[in-house]
Number of protein chains: 2
Amino acid sequence: MAEPQCPECGRINEVLSRVGDRWSVLVVISLAQYGVLRFNALKRHLGISQRMLSLTLRELERDGLVSRTYHPTIPPKVEYALTPLGESFREPVKALGLWALEHLPAIDAARAEYDAAAEAEKKTA
Amino acid sequence: MAEPQCPECGRINEVLSRVGDRWSVLVVISLAQYGVLRFNALKRHLGISQRMLSLTLRELERDGLVSRTYHPTIPPKVEYALTPLGESFREPVKALGLWALEHLPAIDAARAEYDAAAEAEKKTA
DNA sequence: TATAGCCGGTCACAAATTTATACCAGCCTT
DNA sequence: AAGGCTGGTATAAATTTGTGACCGGCTATA
């Protein structure tokens, strides 16, 4: 892949490839909603595999969006919460989520139409 | 992967997995900025591979966010632009892009700190 | 007392996705 | 005649993602 002509695109790309994947977005949404969540609570809530949750949380922690607190109780607890940087990510993420929920029907309709047209095309050919 | 306990997460996940990947976001940002762009202009602008641009544009077209106009001139031209649905996606995407540009330094700093701590940890162990 | 389960992970492996590379046909410039 | 531009596609390699088993330490159930 060549370098982008547009340097901003490179930088946006860079940060989106870090925190822009859908698991990260969903983790941030969930933490924003509940404040604090434990590992397995997140896992059940999102329907994510242990491995991906583990990786996603470590990356989010590394990027400073999420804090990890280990409680050496019995049984041990690990709590995850948003940092101030993570909180600042809530706004754009919320906007994205709302748009997603609002326009999902329109997208589904567009998809169906496109697929129907493609199908008709195929029969013509 | 199990079903999510949270049905909203499932639906947000669904739509984000369609239009939430970073190439789609960057294409929308670019089209929002320039209005109309040709295939190779987008390619050079974003630094994306031909294949991924081709796939991304076809998905965006299928989901009704982008329109594709073929001009059978010599040499042939293919122009891409945002549809009204795509236009409505500008706002949340712009918020995301701005957040990305604004907080990239903070993320880089958090990363550096995390990595330094991990490095120190390793030496201790 | 065995057996099973929750806790927060990790490990090895398989499957899916992304990327790089080469190629296509048609026309234009050098 | 050689190479470049147009908008792509085909193939293969590299990377990312997901699956299932396993870990030690504890507890509740039968």
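Order of the sequence lines sets the chain letters (A, B, ...), proteins ahead of strands, with each chain counted from 1. In this text, all values refer to a predicted model and were calculated from it rather than measured experimentally.
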(request) Round to a whole Å and report the spacing from CE of M52(A) to C1' of dG9(C). (result) 15 Å

(request) Take atom CG of D21(B) and atom P of dT15(D), then tell me their distance rounded to the nearest Å. (result) 20 Å

(message) Please evaluate residues W23(B) and L57(B) with respect to the criterion side-chain contact (heavy atoms from CB on, under 4.5 Å), reporting the C-alpha separation (whole Å), side-chain torsions for both, the decisive distance (0.1 Å), and the verdict.
(response) CA-CA 9 Å; W23(B) 289 130; L57(B) 284 171; over 6 Å; no

(request) Using a strict cut-off of less than 4.0 Å between a Lys/Arg side-chain nitrogen and an Asp/Glu carboxylate oxygen, indicate whether D108(B) and R11(A) qualify as a salt bridge. (result) no

(request) Determine whether W99(A) and V19(B) make a side-chain contact, defined as any pair of heavy atoms from C-beta on separated by less than 4.5 Å. (result) yes

(request) Return the value, rounded to whole Å, for the distance between atom NZ of K43(B) and atom P of dT21(C). (result) 12 Å

(message) Under a 4.0 Å threshold between the charged nitrogen and the carboxylate oxygen, would E61(B) count as salt-bridged to R58(B)?
(response) no

(request) Decide if atom CD of E8(B) counts as having more than 12 heavy atoms of other residues, nucleotides or ligands within a radius under 6.0 Å. (result) no

(request) On DNA chain D, check which nucleotide each of P75(A) and L55(A) is closest to and give me the residue with the more 5' one. (result) L55(A)

(message) In this structure, how many angstroms lie between the C1' atom of dA20(C) and the CG atom of L53(B), rounded?
(response) 15 Å

(message) Ring-plane angle category for H45(B) and Y34(B), please: parallel below 30°, perpendicular beyond 60°, tilted otherwise.
(response) perpendicular

(message) Whole angstroms only, please: what is the CD1-P distance between I48(A) and dG8(C)?
(response) 14 Å

(message) Just the rounded figure in Å: distance from C1' of dT6(D) to CZ of R44(B).
(response) 10 Å

Can you check nucleotides 7-12 of chain D for protein contacts, nitrogen or oxygen pairs under 3.5 Å, and list what you find?
| from | atom 1 | to | atom 2 | distance (Å) |
| --- | --- | --- | --- | --- |
| dG7(D) | OP1 | R38(B) | NE | 3.3 |
| dG7(D) | OP2 | N40(B) | N | 3.2 |
| dG7(D) | OP2 | N40(B) | ND2 | 2.7 |
| dG8(D) | OP1 | R68(B) | NH2 | 2.5 |
| dG8(D) | OP2 | R68(B) | NH2 | 3.4 |
| dG8(D) | OP2 | Y80(B) | OH | 2.8 |
| dG8(D) | N7 | Q50(B) | OE1 | 3.1 |
| dG8(D) | N7 | Q50(B) | NE2 | 3.0 |
| dG8(D) | O6 | Q50(B) | OE1 | 2.5 |
| dT9(D) | OP1 | R58(B) | NH2 | 3.4 |
| dT9(D) | OP2 | S54(B) | OG | 2.9 |
| dT9(D) | OP2 | R58(B) | NH2 | 2.9 |

(message) Between P on dT17(C) and CH2 on W23(A), what's the gap in Å once rounded to a whole number?
(response) 14 Å

(message) Whole angstroms only, please: what is the CZ-C1' distance between R22(B) and dT19(C)?
(response) 10 Å

